[in-house]
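See structure below.
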Amino acid sequence: MNAANKPRVRFAPSPTGYLHVGGARTALFNWLFARHEGGTLLLRIEDTDAERNRPELLDGILAGLKWLGIEWDEGPYFQSQRLEMYHAAAERLLASGAGFACYCKASVYAGADAAPADEQEGEGDGEGPKAKRNIACPCRDLVEAERAARERDGTPRAIRFRAPRTGVTSFEDAVFGRREVQNEEIEDFVLLRSNGVPTYQLSVVVDDIDMRITHVIRGADHLSNTPKQALLYRALGAEPPIFAHVPLILGPDRTRLSKRHGATSVSSYAEEGFLPEAFRNFLALLGWSPGGNSEFLRTTEIVERFTLEGVSRTNAVFDRPKLEWFNTEYLQKPPVEDLLPYVQAELERAGLWNGSQASADPIWFAHAVDLIRPRTRLLGDFTGWARAFFNDDFDYEAEARAKFWKDDRLPALLAKLADGLAAISDWNHDACDAALRGLVAAEGVKAGLLINAARVALVGRAVAPPLFETMVVLGKDRVVARLRRALPVIAPN
RNA sequence: GGCGCUAUGGUGCAACGGUUAGCACGCGGCCCUUUCAAGGCCGAAAUACGGGUUCGAUUCCCGUUAGCGCUACCA
């Protein structure tokens with residue numbers, strides 16, 4: 001099998017907003033499919049709608065894809081630069097009779113679903129007027145003389161597709177199976193607007209033919225429009241590709257995910273400190289399953305196992321707690337080396353990287369991250385509660401002080417502990433442990449008292465890694481200094 | 001209103017005619033423990049409803065209900 005037989009898929013966002021979760025999942029599935037099959041992923045920007053189009057948003061979409069680790073092989077192509085192709089296709093359809101010129105006013109069709117709503121609401125007569133649809137446009141039967149007359153008047157002209165009035169149209173969907181619809185349900189949809197701008201239906205089909213797309217993987221909201229496109233393909237002399245409609249992503253209230261539901265842009269998750277691979281894993285399992293019970297799947301494994309057959313037909317609710325769980329898994333399970341670049345970026349973002357031991361000593365950095373990561377949930381934790389591991393400038397958390405610095409004996413005890421630790425020549429876990437145990441034995445206090453108080457003195461937090469491991473990572477000088485530095489702060493109590 | 005799609009615990013998935021209906025998140029409890037996590041164990045929690053088909057339905061068919069989608073000279 002050569003490259004020519006490999007699948008070609010595309011992700012085709014329109015720059016009318018940021019890259020949202022639903023789009024990201026569509027992009028991901030396309031990417032996974034392409035990689036699994038050894039195929040090609042193209043990126044196409046659907047920017048024909050000059051009104052809603054916001055070119056400046058494109059960078060954000062590309063950045064979102066980049067963060068997700070989704071790389072395309074061709075493009076980006078811009079539909080706004082391919083307008084002649086759509087015009088030519090529309091003219092060809094007009095010439096072949098598959099399309100026809102329509103001189104109706106746009107307003108005749110606009111808001112078609114607003115009209116039928118009267119329904120007197122009487123006491124349950126239940127016999128309201130049936131909604132009427134303009135299935136067939138009257139212009140489809142215009143005789144040549146009439147047409148010429150309108151043309152002479154300069155009446156604005158759109159081009160519509162002459163939908164068949166009988167029979168059925170079918171197409172193959174890898175997720176939903178073979179679909180068939182009655183042609184009488186298909187209206188004479190517009191191909192080219194009277195202002196010369198192509199509709200989605202036209203441009204998407206022309207492009208997918210021209211770009212030799214073999215599999216159209218997109219949201220299930222397009223399922224109902226697909227018959228029109230199948231018709232268009234054939235009218236344009238091409239065989240429709242295989243479609244794969246993926247179920248929609250819903251908010252917790254089971255309505256389509258939208259801004260109302262809070263964070264829906266990919267970039268917001270990046271900023272919040274999620275790891276791209278965790279996000280990918282989570283997203284992949286929203287509407288897809290490898291079968292069986294495995295859930296923690298590294299990206300390479302997902303690529304290996306991804307098939308369209310595994311895609312679900314039911315909409316899925318975006319569950320934030322589960323996303324967070326995936327993030328903790330990816331913060332903890334992979335080799336620590338995988339995590340380092342992300343932690344470094346987080347430290348840089350917080351201004352804690354330059355001049356730090358983390359930047360000067362890679363081995364130390366890996367150790368520190370390894371010690372901290374079991375307790376992290378988001379990348380921000382490394383510069384949040386774990387800040388003291390990377391910088392000497394940190395605060396003593398109020399709750400921690402209240403909880404572990406209550407005892408009056410503490411200043412004296414910690415001073416002695418500092419002295420004892422200062423005397424250690426071979427700084428390691430057991431030596432620190434022994435120094436502290438010896439002191440509590442001599443003083444007749446519980447080890448916990450000193451351990452907890454010392455932890456607060458060293459990292460400013462009640463919630464932190466085990467004390468002696470922390471001491472090893474911090475090093476003798478810092479530990480002794482921090483202990484002594486804390487004494488006057490404790491004393492006032 | 002019309003057309004279509006879908007329907008397993010609260011959520012995401014598994015079981016593609018035969019299981020005590022499985023896993024995970026979340027939730028509750030216990031254990032571990034020097035804080036907090038992690039980890040281990042236990043628990044509550046589901047096949048929307050009604051008909052068929054079948055020796056046998058979560059699984060196949062029909063209906064009902066519900067949710068969602070489409071029904072634009074938006075994409």
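Convention: sequence-line order gives letters A, B, ...; per-chain numbering from 1.
Separating the CZ atom of A/Arg254 from the P atom of B/U6 is a distance of 15 Å, rounded to the nearest angstrom. Summarising the geometry, the separation between CG on A/Leu286 and C1' on B/G12 is reported as 7 Å, rounded to the nearest angstrom. Separating the CD atom of A/Glu397 from the P atom of B/C36 is a distance of 13 Å, rounded to the nearest angstrom. Atom CZ in A/Phe296 sits roughly 13 Å away from atom P in B/C25 (whole-Å rounding). We find that CD of A/Glu185 is positioned 9 Å from C1' of B/G4, with the value rounded to whole Å. In this structure, A/Glu469 atom CD and B/A38 atom C1' are separated by 12 Å, rounded to whole Å. Here the P atom of nucleotide B/A24 and the CH2 atom of A/Trp325 are 9 Å apart, to the nearest Å.
The P atoms of B/U8 and B/C68 are separated by 15 Å, rounded to the nearest whole Å. B/C27 and B/A44 have their C1' atoms separated by 9 Å, with the value rounded to a whole Å. For the P atoms, the distance from B/C61 to B/G22 is 25 Å, rounded to whole Å. Across the P atoms, B/C30 and B/U59 are found 40 Å apart, a figure rounded to whole Å. The separation of B/U65 from B/C49, taken at their C1' atoms, amounts to 7 Å, rounded to a whole angstrom. Comparing the same atom, P, in B/U11 and in B/C70 gives a spacing of 22 Å after rounding to whole Å. A gap of 33 Å separates the C1' atoms of B/U64 and B/C25, to the nearest Å. Distance noted for atom P between B/A21 and B/U58: 10 Å (whole Å).
A/Glu295 comes within contact range of at least one nucleobase, with a heavy-atom separation under 4.0 Å. Residue-level contact check: A/Ala158 touches the bases, meaning some heavy atom is under 4.0 Å from a base atom. If you check every strand for non-hydrogen atoms under 4.0 Å, A/Arg461 touches nothing. Using a 4.0 Å heavy-atom criterion, one finds that A/Gln201 contacts the bases of the nucleic acid, with or without backbone contacts as well. Among the atoms of the strands shown, only primed sugar atoms or phosphate atoms (P, OP1, OP2) are found under 4.0 Å from some heavy atom of A/Thr255. Within 4.0 Å (heavy atoms only), A/Asn225 reaches at least one base atom of the nucleic acid. Nucleic acid contact class of A/Tyr103 (heavy atoms, under 4.0 Å, all strands): none. Looking at heavy-atom distances under 4.0 Å, A/Phe189 makes no contact with the nucleic acid at all. When heavy atoms are screened at a 4.0 angstrom cut-off, A/Arg373 is found touching no nucleic acid atom at all. Within the 4.0 angstrom heavy-atom criterion, base atoms lie near A/Pro466. Within 4.0 Å of A/Arg52, counting heavy atoms only, lies at least one base atom of the nucleic acid. Using a 4.0 Å heavy-atom distance criterion, A/Ser194 is classed as a base contact. Contacts of A/Thr48 with the nucleic acid, taken as non-hydrogen atoms under 4.0 Å apart, involve only primed sugar atoms and P, OP1 or OP2. Nucleic acid contact class of A/His222 (heavy atoms, under 4.0 Å, all strands): base.
Nearest approach of A/Ala464 to A/Arg455, heavy atoms of both residues: CB-CD, 3.6 Å.
Of the nucleotides present, B/A48 is the one that pairs with B/U64 by Watson-Crick or G-U wobble criteria, both distances under 3.5 Å. For B/U33, there is no paired nucleotide, since no Watson-Crick or G-U wobble pair has both relevant distances below 3.5 Å. With a cut-off of 3.5 Å on both Watson-Crick or G-U wobble distances, the partner of B/G26 is given as none. Across the strands present, B/C55 finds its partner in B/G18; the criterion is a Watson-Crick or G-U wobble pair with both atom distances under 3.5 angstrom. Pair assignment for B/G1 gives B/U71, based on Watson-Crick or G-U wobble hydrogen-bonding distances that are each under 3.5 Å.
Comparing B/C13, B/U35, B/A38 by their nearest atom to the side chain of A/Gln332 picks out B/A38. Among the nucleotides B/U11, B/U34, B/C36, the one closest to any side-chain atom of A/Val317 is B/U11.
Taking 4.0 angstrom as the limit, A/Arg313 places none of its side-chain polar atoms (N or O) nearer than this to OP1 or OP2 of B/C5.
Under a 3.5 Å cut-off, the side chain of A/Asn327 and the backbone N or O of A/Phe274 do not form any donor-acceptor pair.
Within the 4.5 Å cutoff, the side chain of A/Pro241 has no heavy atoms near those of the A/Asp208 side chain.
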Practice item. Would you sort out whether A/Arg218 and A/Thr226 count as a side chain to side chain donor-acceptor pair (under 3.5 Å), showing the intermediate values? Key: CA-CA 11 Å; A/Arg218 67 198 348 177; A/Thr226 305; 3.3 Å; yes
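Using a 3.5 Å distance cut-off with no hydrogens or angles, the side chains of A/Tyr330 and A/Asn281 do pair a donor with an acceptor.
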